[in-house]
2 protein chains.
Amino acid sequence: MTVTIKDIAQAAGVSITTVSRVLSNKDSFYSEKTARKVKKTAEKLGYQKNTAAAELATQKSKAIGVVINSTQTNFSNSIIEGIQQEANQRDLSAIIVFAGVGDAQMQRRAIQTVIERSVMGILLLSVDISADDLTLLKQAQIPYISLSQAFTDDQISYISSDDFDIGYQATKYLINKGHRKIGLAGIDIQKNAMTGRNRQSGYEKALMEAGIESSNKWIQYGDYSYNSGVMAMKNYGKSPEITAVVAASDMVGIGILNQAHDYGVDVPKDLSIISIDGTDLCKIVQPQLTSVTQAFFEMGIEGVRALTNEKTTEFTNIKIEERDSVKTV
Amino acid sequence: MTVTIKDIAQAAGVSITTVSRVLSNKDSFYSEKTARKVKKTAEKLGYQKNTAAAELATQKSKAIGVVINSTQTNFSNSIIEGIQQEANQRDLSAIIVFAGVGDAQMQRRAIQTVIERSVMGILLLSVDISADDLTLLKQAQIPYISLSQAFTDDQISYISSDDFDIGYQATKYLINKGHRKIGLAGIDIQKNAMTGRNRQSGYEKALMEAGIESSNKWIQYGDYSYNSGVMAMKNYGKSPEITAVVAASDMVGIGILNQAHDYGVDVPKDLSIISIDGTDLCKIVQPQLTSVTQAFFEMGIEGVRALTNEKTTEFTNIKIEERDSVKTV
DNA sequence: ATAGCCATTGCAAACGTTTTCTTTTTGTCA
DNA sequence: TGACAAAAAGAAAACGTTTGCAATGGCTAT
């Protein structure tokens, strides 16, 4: 027996219309006096609004759906914080659904879930949107935006860092520090998202501009995970040809760091690392990792702005944060 | 113009009742033939169920609300994975709302949000439930359970590790390794949750059993954060009296580790660390941290089981995972 | 052929809001 | 005092489902 506006109406001796108006702050359709009375009885009865009913009646939702692909990516928390903050300011609530890691079926189901809750917009966090997902999304006629991952398909608008620039800046930074033999580790170029390919292009551009002929042994593919970093380092070997490496994520960077340590390869003396992401993880390892830091919090903010039809940017800023994992040669 | 079951009914030439029954799999209230027809038209029209309407009609929800206190705690992901998995199996969806970090107002608001969505149950992840929150929850008449934090107030049922035992086992482990002067760092005993106090009691019991007279300089309070670890180590000083320390969380452990490193205190030669939580973080630092590992994934699972009225446990298991941060003396 | 039963289908009310339109009350000004 | 506008309040329909109950039709057993 939950209490409804009908109960309030009865208790306060007014119509449910009035109660509704008071409780949803429809300006000046009621007197101050009744407003007070209604609010007090609502309070006394312990009334809680039924959002489902309200959204059904208004035909619009005040919730935004957030689908998160993986619990692996440790930066999603920052994005979520951004989303949450901006959503709160607009009196929206965020419904977050985890889609498991790399499980196409769960991912589809997660998208379905937010659609069925008829949210006003959908934010996809590092979700590798498949063709199937896309038809589902388009069909639902709900605006959706990919966060942190870019796609070429112009059906998918996104807010992310400029991954080409990330690859380019990271590599150029190492070149400026005097490195010539530079690796790239942990990126995934098989996905629908352009992330890996763009970073690789940027990397190659920087090398080319510096007149460096790259070897394809310098590039180690992976999936942005800690383990990818370990594997990459194993492939580079105990006396690596490269003197510096761009890690596709902080986790990859740490994997490289630890495997290097096992190999007796000193970072940064024997090998320099710059990692992409720049989350707090960079600061808790030794040496602290120099990083290309992405503006995840802002991505979240811009995401909800985009959903509420405010103007927004396609790319958020990146910056290089110098810590202790890169040596000048 | 979204498509409703009415549209399907019209297109398929049946009543909306039939459509509803087919689509929600009410057994044997319809013929195979109509079922096929209805399903096909639903598919063709791109129908998406309106959950709000359905829940309003049935007066019950298939969603469970998850309120997460802080984005700091890096173990919440594991709990969420557990929740998600178990929820999926029961055809429930999880609505996750972040409550900011230590912001009482946002926390209350988050709880309000899930209540207003009339979820069938609420899971509170490391939420420090205040008296205010409690009245709100009780009033809503929705079952709720605290995950990972225990309370004495018997209004709050919980699923967590046995924090007393955690403190006890961790300390005893160090004692068994020959340590006598053992610190405890990073716990918070000011909160409503019993976590910190219970761990401290366990710690003290183990010390007492071993006939060790503890010094209150051995205990450094904090808030489970990286910074708490750093501060604790600073207070222990460059030549610490203690030879081993129980860290209140992995983050605290890492904070201690890094500050020790700065001080030239070698881990584990000069100082042994055992950290509480046992998340992946333990494995990415050097040396890897020995830990009292909590079963976070299981907490998530048990949480939704409890909400669906299945029998469950109050305490999930803990185990000690030996890595490289404790020395035998 | 007929009664009776079962399988299938449909009608209509209900869920808790919001909102349009209408009605009532209040207040102002001549 | 009366007229009238403005302010306040209410009635009822609508949103998209589910479901109790009633209706229909076909089949079986007599």
Side-chain angles (χ1 to χ4, degrees), chain A residues 1-39 41-42 45-63 91 115-120 140-142, chain B residues 1-39 41-42 45-63 91 115-120 140-142:
Chain A
M1 274 304 297
T2 57
V3 13
T4 71
I5 55 170
K6 205 177 190 172
D7 302 321
I8 299 175
Q10 198 150 31
V14 296
S15 73
I16 60 167
T17 308
T18 303
V19 176
S20 170
R21 288 204 260 249
V22 170
L23 259 29
S24 48
N25 284 311
K26 291 272 167 294
D27 297 311
S28 74
F29 275 116
Y30 49 82
S31 67
E32 257 313 307
K33 203 174 58 167
T34 37
R36 262 199 308 280
K37 190 170 54 179
V38 166
K39 277 178 185 160
T41 35
L45 266 45
Y47 170 75
Q48 294 289 353
K49 177 181 193 148
N50 182 325
T51 312
E55 293 189 345
L56 183 57
T58 55
Q59 290 285 80
K60 67 173 75 151
S61 168
K62 307 203 85 181
D91 199 31
I115 291 177
E116 288 183 352
R117 295 218 105 82
S118 32
V119 294
M120 56 84 76
Q141 313 222 38
I142 299 175
Chain B
M1 272 305 299
T2 58
V3 12
T4 72
I5 54 171
K6 203 178 193 171
D7 302 320
I8 299 176
Q10 197 151 31
V14 296
S15 73
I16 60 166
T17 308
T18 303
V19 176
S20 170
R21 287 205 259 250
V22 169
L23 260 29
S24 49
N25 285 309
K26 290 271 166 298
D27 298 311
S28 74
F29 275 117
Y30 48 83
S31 68
E32 258 312 308
K33 203 172 57 163
T34 35
R36 263 197 309 279
K37 190 171 56 180
V38 167
K39 278 177 184 160
T41 33
L45 267 44
Y47 170 75
Q48 295 289 354
K49 178 181 192 150
N50 182 325
T51 310
E55 293 190 343
L56 183 57
T58 56
Q59 289 285 80
K60 67 173 74 152
S61 167
K62 308 203 84 182
D91 197 33
I115 290 176
E116 289 183 351
R117 297 232 161 244
S118 33
V119 293
M120 54 85 77
Q141 314 224 38
I142 298 176

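From a predicted model like this one, the values you see are computed outputs, not experimental measurements.
Regarding contacts with the backbone of C:dT18, a side-chain N or O of A:Ser20 is found under 4.0 angstrom from either OP1 or OP2. For the OP1/OP2 pair of D:dT18 and a distance below 4.0 Å, the side-chain nitrogens and oxygens of B:Lys49 include at least one atom meeting the criterion. B:Ser15 has a side-chain polar atom (N or O) that falls below the 4.0 Å cut-off from OP1 or OP2 of C:dG10. Taking only side-chain nitrogens and oxygens, A:Thr18 comes nearer than 4.0 Å to OP1 or OP2 of D:dG10. Checking the phosphate oxygens (OP1, OP2) of D:dT17, a side-chain nitrogen or oxygen of B:Tyr47 falls inside 4.0 Å. Proximity of A:Gln59 to the phosphate of C:dT17: no side-chain N or O atom is located under 4.0 Å from OP1 or OP2. Phosphate contact (OP1/OP2 of D:dA11, side-chain N/O of A:Thr17, threshold under 4.0 Å): absent.
Counting non-hydrogen atoms of other residues, nucleotides and ligands closer than 6.0 Å to CD of A:Glu116 gives a total above 12.
You'll find the side chain of A:Asp91 reaches within 4.5 Å of the side chain of A:Lys62, heavy atoms only. Between B:Glu55 and A:Arg117, some side-chain heavy-atom pair lies under the 4.5 Å cut-off. For the pair A:Asn50 and A:Thr4, the minimum side-chain heavy-atom distance is 4.5 Å or more. For the pair B:Val22 and B:Lys39, the minimum side-chain heavy-atom distance is below 4.5 Å. Counting heavy atoms from C-beta on, the side chains of A:Val14 and A:Tyr30 never come closer than 4.5 Å.
Between B:Ser24 and A:Ile16, the residue whose closest nucleotide on DNA chain D is further toward the 5' end is A:Ile16. Heavy-atom distances to DNA chain C give each of A:Leu23 and B:Thr58 a nearest nucleotide, and the one nearer the 5′ end belongs to B:Thr58.
Closest approach to the A:Leu56 side chain among C:dT17, D:dG16, D:dG10 is made by D:dG16 (side chain taken as heavy atoms from C-beta onward).
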Per-nt protein contacts along nucleotides 23-28 of chain D (heavy atom under 4.0 Å; B base, S backbone sugar-phosphate only, - none) come out as ------
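Residues B:Ser15 and B:Thr18 bring a donor and an acceptor atom of their side chains to less than 3.5 Å of each other.
Taking five base pairs at each end of the helix from C:dA1-D:dT30 to C:dA30-D:dT1, the local helix axes there meet at an angle of 50°, rounded to 10°.
The interatomic distance linking B:Lys6 (NZ) with D:dT18 (C1') rounds to 15 Å, in whole Å. In this structure, B:Ile5 places its CD1 atom 11 Å from C1' of D:dT19, rounding to the nearest Å. Taking atom OH of A:Tyr30 as the reference point, atom C1' of C:dT18 lies 14 Å away to the nearest angstrom.
Using a 4.0 Å heavy-atom criterion, one finds that A:Thr34 contacts the sugar-phosphate atoms exclusively.
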Give every pair of a protein N or O atom and an N or O atom of nucleotides 21-23 of chain C that lie under 3.5 Å apart, one pair per line with the distance.
none

